[in-house]
Amino acid sequence: MNPDVVIIGAGPAGSVAAAMLVDAGFSVEVLERVHFPRFSIGESLLPQAMEWLAEADLLRDVVEAGFQHKNGAIFRCGDKEECFDFRTKSANGWGTTFQVRRDKFDDLLARGAVRKGAKVSFGQTVVAMQPDPVMPRLTVRDEAGAERDITARFVLDASGFGRVLARLLDLETPTSFPNRMSIFTHVEDNIPVRAYDRNKILITVNPLNNEIWYWLIPLADGLCSMGVVGKPEHLLPYGSTREEQLSALVAESGLMSELLVNAKRVRDVGEISGYACRVSSLTGDGYALLGNAGEFLDPVFSSGVTIALKSASLATHTLIKQLNGEAPDWDVEFSRPLCRGVEVFRAYVSGWYDGSLQKIIFSGRTDANQVKGMITSVLAGYAWDEKNPFVREPDKYLGMVKSLCG
C-alpha cells in the first residue's frame, strides 16, 4: 500500500515532519540511504529549535537523552572575548538548548517518529523521481541493488547535504558564498572543570586571518567537537594532510589551544567542502525541499538544524491542508516565510566574513539600547521574529551599529 507521504532522509527535518504528519493521521514512509546511528556534524543546537521539537512531540525524547546543556556562545579573537547568553535575548521563547552528538540525536528523533507510527526504511537510495501534482513517483534502490517504485500523494526531500531532488531534478543554482571547507574531529577534551563553561560553544577567530574560524563544542561524557573553517587556499599552507592542518591551525587559536592541551582525538579527522548551496525553487509538482536539501549557508552560527526544523514545521502545516483537500499557496505559506529567516541568517553570515559583524561583536559597544539582546535573539535562532529590527532589516541595523563602533 502506498503511503500518503514519502520523506527522503531521516535526519532532524525528516523525522520531525514524519512525526507531525502521522500525528495528523497520515501514513508516512521515510527513506534513509544509510543506517542509524551514523556520525554527523552540526552538533550545536539553537534555542529556537526547541519550539519545533515540542511541536512534533519529540522534545521529551531530547530532554531525557542526557545531552550537554547550552545557554550561549563565547566569541574569542586573541585576547578579546565577548559572551552572548541566550537567556538575555529580546525575543520570547526558549533561552536554552543542547549540544548533541548527532548520531544519538538523529537516531532518537527517527525512533520517536517510528514510535508514533511512521515507517522508516534504511539502506534506501532514491535514484529517480517523476514529479506530479497528484501522485509523484520515486524509484528507490536497496543495498542489494533491487529497485522498486513508490507512489505517494506528496514527497518531502529532507536529504540534507545529499540534496537528492535538487540533483535529480536539476534545481541547483550558484551560491553567492565562496567555496569554504571544514576540517573537524571529536576529542576526549580533558578540560579542567573550572577552566571553561561547557554550557557555551566557543567560536574563535584566527588572529592572523579573520576569514578562518574555529568551533569548540563541549559534549556530554567529556567529549568535544572541534573544527576549523576557511577557504581551501587559506588552510593549505598549514600542512600536507588534514590532520597536520588542523593541528597547526589549533596551535594559533589561543584559548582553544590552551583548553585542549591534554585532549586525545577519538575520531579520524574529517572534512566537508563546497557545502554552501541554493536551489531555483523549494517546491514543485508534488514535492518540497526541507532544510539543507534546499539551502545551506555556513556553520558559523549553527543555523542548519534550526532552518531544517523550521522548514519541516512550515511544510507540514501546508501539506496537511493540501492532504485534507484544501488548496494552499506553497509560495506564501512555505517558501517565502522560510526564506525570510534564511535571508536574515545570510546577512549575519555575510557580515561575519566581511568583518563587520566581528567588529560589532568585539567592540564592547553592543550593550547600549538593548542592541545586544536583539542581536542575541538572532544568534539564538529567532530569525523569524519580525518585532526585532535586527530581523526586519538586518543589513540596515547591523550597518548602524558598525558605524557606531568606529
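- Classified by interplanar angle (parallel below 30°, tilted 30° to 60°, perpendicular above 60°), the ring pair Phe98/His69 is tilted.
- Taking the ring axis of Phe67 as reference, the NZ or CZ atom of Lys104 stays within 45° of it and closer than 6.0 Å to the ring centre.
- Asn190 contributes a side-chain N or O that, together with a main-chain N or O of Asn262, makes up a donor-acceptor pair within less than 3.5 Å.
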*Between Asp157 and Arg167, is a salt bridge (charged side-chain N to carboxylate O under 4.0 Å, His left out) present by the stated rule, with each step listed?*
CA-CA 11 Å; Asp157 183 359; Arg167 291 185 293 101; over 6 Å; no

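- Among Val155, Val140, Val6, Thr139, the single residue meeting the side chain to side chain contact (heavy atoms under 4.5 Å, CB included) criterion with Met129 is Val155.
- At distances below 3.5 Å, not a single donor-acceptor pair connects side-chain atoms of Tyr353 with backbone N or O atoms of Pro178.
- The side-chain tip of Arg267 points at the ring of Phe39 from less than 6.0 angstrom away and within 45° of straight on.
- The number of heavy atoms from other shown groups lying within 6.0 Å of CZ (Arg265) is above 12.
- Proximity of a side-chain donor or acceptor of Ser311 to a complementary backbone N or O of Ala308 within less than 3.5 Å is detected.
- The aromatic rings of Phe36 and Phe122 lie tilted to each other, with the angle between the two planes from 30° to 60°.
- Each of Ile360, Asp298, Val300 was compared with Trp352 under the side chain to side chain contact (heavy atoms under 4.5 Å, CB included) criterion, and only Val300 meets it.
- Of the possible donor and acceptor atoms, none in the side chain of Ser247 sits under 3.5 Å from a partner among the backbone N and O of Glu243.
- Under the 30°/60° scheme for interplanar angles, the aromatic rings of Tyr397 and Phe390 are found to be tilted.
- Ring orientation note: the planes of Trp213 and Trp215 are tilted relative to one another, at an angle of 30° to 60°.
- Glu32 places a side-chain N or O within donor-acceptor distance of the main-chain N or O of Ala10, the cut-off being under 3.5 Å.
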